[in-house]
Amino acid sequence: MGVQFIEPPPFDLARCYADSTVKTPLIFVFAPGSDPAADLYKFAAAMNMSRKLDAISLGQGQGPIAEAMISAGMDSG
């Protein structure tokens, strides 16, 4: 079938951001072993949005905190 059906395409954060809106935000859920945090922080800095970027690692009771962060983002953008 070809490589394009076996390997995922490279992730393009700028393109994903361009597709997002206030009604369709970007929420990332990462698989174990993946750590694109450096790219995310770099992109936020390039967009002058570092102060609006919140990150949390789920597990050990972090779910309610994550829910509160999502709610706050919905309220304030």
> Work out which heavy atom in Pro64 is nearest to a heavy atom in Gly61; give both atom names and the distance.
CD-O, 3.4 Å
> With rounding to the nearest 0.5 angstrom, report the CD1 to CD distance, Ile56 to Glu67.
10.0 Å
> Between side-chain atoms of residues 7-19 and protein atoms elsewhere (two or more places apart, or another chain), which donor-acceptor pairs fall under 3.5 Å?
unit_1, atom_1, unit_2, atom_2, d
Asp12, OD1, Ala14, N, 3.3
Asp12, OD1, Arg15, N, 3.1

> Taking only distance into account, with no hydrogens and no angle test, what donor-acceptor pairs under 3.5 Å do side-chain atoms of residues 24-31 form with protein atoms, sequence neighbours excluded?
unit_1, atom_1, unit_2, atom_2, d
Thr24, OG1, Thr21, N, 3.1
Thr24, OG1, Thr21, OG1, 2.9

> With the 4.5 Å side-chain cut-off for hydrophobic clustering, are Leu40 and Met47 part of the same group?
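Yes, Leu40 connects to Met47 through the hydrophobic network.
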> What are the two closest non-hydrogen atoms of Ala66 and Leu58, and how far apart are they?
CB-CD2, 3.6 Å
> Got a second to check how far Met69's CE is from Gln62's CD, nearest 0.5 Å?
9.5 Å
